[in-house]
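Chain naming here is simple, since letters A, B, ... match the order of the sequence lines and numbering starts at 1 in each.
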2 protein chains.
Amino acid sequence: MLDHMSTEDRRRREREAREALFIDRAHARIREDGLLGLQMSKLAADCEYATGTLYQHFESREDLLAAVAARSTRKRAARFRVIPGLDLDTRARMLAIVLADIDFAAVNPDYHRLMQYLVTEVVWANVSVARRTALLEAARPISEAVGAVVSEARAHGDLPPAREMGAEEMGLGPWALNVGMQDLANAQGLLDAYDIHRPYDHLIRHFHALLTGWRWEPCLDPDDPARVRAETDRVRAALAAAGIGADTVECERTAAD
Amino acid sequence: MLDHMSTEDRRRREREAREALFIDRAHARIREDGLLGLQMSKLAADCEYATGTLYQHFESREDLLAAVAARSTRKRAARFRVIPGLDLDTRARMLAIVLADIDFAAVNPDYHRLMQYLVTEVVWANVSVARRTALLEAARPISEAVGAVVSEARAHGDLPPAREMGAEEMGLGPWALNVGMQDLANAQGLLDAYDIHRPYDHLIRHFHALLTGWRWEPCLDPDDPARVRAETDRVRAALAAAGIGADTVECERTAAD
DNA sequence: GGTCATGTGTGAATCAGGTTCAAAAAGTGG
DNA sequence: CCACTTTTTGAACCTGATTCACACATGACC
């Protein structure tokens, strides 16, 4: 009886280890060769398993991609965990969220492309329900972090409570601005075509304009590049002190340990 | 000689007509059955041509999609042409751009999905250079409209000229906000998961916050839903008067005539 | 130990759909 | 009408995801 249970336990552990291996190698392959470089049979061979075995873990190629994305998203979300503990005013904390995300994107350039591909109707349609919810779940802490900062700012009197607008909906602004700028920055040749450079610097300034528009104290004039830079440096320093720097080389490759 | 030239002319015209037919039917198919519903051989058969003929117009399936997208983008861009002529202050004009785009998205729900799919690295890589530039070119009037409104606002004294920031870069803010919100709104089940509804209403309020943060006159408090609604209605009315209403049923289907 | 039932792994075969290209048809000039 | 060029055709090809009949391992029971 005990015997039976412990072998079952071992089985589950082995199975999970194998799944982690698949996800790990898949991610490596995507990083090296792009999304097209990921081929189911090649990946299986890489891991020294048969194609069919791979399909016992993932219903389809898209399902596998969603699993990879979920793992990365968990890493991304983890960055926001330290933010509530930072010694910063609420407005700076919101900035910290945006900066942490910008830095994550800089360190993991393929993450955005993967997500973009994944949420495409063609791809998303082939992702199993379980993986869909897993991915949504992995992203939840991100919007929760945003919501928490907004709530705190309101409670603390930094941000007047907007009428007909919950905390999530207030956070939607910076979030959408962030998402949109990442999109534009990643669209091959788009910003170049309009001769726009350093999109993230502009994201930060527009971010301040947005928050100042909502009267989020302490207000900061977006048209004061020096102060904007100083504030960015201040918040980046706080992030770095908490171990979430732009130069965090981690890059997820160390996930296996 | 004349003869030769005129048959060549006729040839070109016929060829263009055939290409338009392909694009038209392809779009119809996408609208009806989604992106997966578009199959090269089926489409060719639909149009009563052989598969190979289709490939004389489009290097690949992705190339065809880009052509469809370019056509839609031209329609989208056309909406902005009337905006400079509207009898509105510059701030309201910027709002008009956003509203026109929201309405376009409402009338053409598949447009965003197509674009999203297209700019994916996997897909974009298979689009011919000619079609890429054509698509970029089709989108240019959009950012030009934005840039023009910003320039006008600065010239008119409605918007203080921000330091270290050109007109395009100022327009980048509302543009990114717009793009980001459309993205979030289109991500299947994302906003539902966080119990956020009416994303475009929030987009409009955040838009006002952003512009107010940049001191774009006449300032409008984003936390005044009644005034925001009134302003939206005012601008929508101006758009409707110019023939660019939310209820414009056009839907591109009439493109063939 | 031997044998059967059950679950797991295998990888060659299947399938789908985009793409090609050799042959046929149409067009052109003399 | 003939020789030659250009265009069209659609069946064959190719790639790569997915499946599934079979081999194999595991554990229960005699």
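- Put simply, CD on B:Gln39 is 18 Å from P on D:dG10, counting in whole angstrom units.
- Each of B:Thr53 and A:Met40 was matched to the nucleotide of DNA chain D holding its nearest heavy atom; the match closer to the 5' end belongs to B:Thr53.
- With rounding to whole Å, A:Leu36 atom CG is found 14 Å from C:dG18 atom C1'.
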Original post:
Which is it for B:Phe80 and B:Val149 under the side chain to side chain contact (heavy atoms under 4.5 Å, CB included) test, yes or no, and what are the steps along the way?
Top reply: CA-CA 11 Å; B:Phe80 301 135; B:Val149 172; over 6 Å; no

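- Counting to the nearest Å, the C1' atom of C:dA24 and the OH atom of B:Tyr49 are 18 Å from each other.
- As a whole-Å value, the separation of B:Leu65 CG from C:dG18 C1' is 12 Å.
- Listed nucleotides: D:dT18, C:dT20, C:dG9. Nearest to the side chain of A:Tyr55: D:dT18.
- For A:Arg140 and A:Glu137, the salt-bridge test passes: some basic side-chain N is under 4.0 Å from an acidic carboxylate O.
- Distances were taken from every side-chain heavy atom of B:Gln56 (C-beta onward) to each of C:dT28, D:dT8, D:dT9; the shortest belongs to D:dT8.
- With the nearest nucleotide of DNA chain D identified for both A:Asn126 and B:Arg18, B:Arg18 has the one nearer the 5' end.
- No contact: A:Leu54 has no heavy atom under 4.0 Å from any strand.
- The distance from atom CZ of B:Arg15 to atom C1' of D:dT6 is 12 Å, rounded to the nearest whole Å.
- Candidate nucleotides D:dG10, D:dT18, C:dT10 were compared by shortest atom distance to the side chain of A:Glu62, and D:dT18 ranks first.
- A:Glu59 has its CD atom 16 Å from the P atom of D:dA17, to the nearest Å.
- Across all strands, A:Leu43 comes closer than 4.0 Å to no nucleic acid atom at all (heavy-atom distances).
- In this structure the side chain of A:His197 never reaches within 4.5 angstrom of the side chain of B:Glu169, judged on heavy atoms.
- Atom pair B:Glu14:CD and D:dT8:P shows a separation of 9 Å (rounding to whole Å applied).
- Looking at B:Tyr111 and B:Arg76, their side chains do bring a donor and an acceptor atom within 3.5 Å of each other.
- Contact annotation: B:Arg11 side-chain N/O to C:dA26 OP1/OP2 distance is not under 4.0 Å.
- A straight line from CZ of A:Phe58 to P of C:dG9 spans 13 Å, rounded to a whole angstrom.
- A salt bridge is defined here as a Lys NZ or Arg NE, NH1 or NH2 lying under 4.0 Å from an Asp or Glu carboxylate O, and A:Glu59 with A:Arg132 fails to meet this definition.
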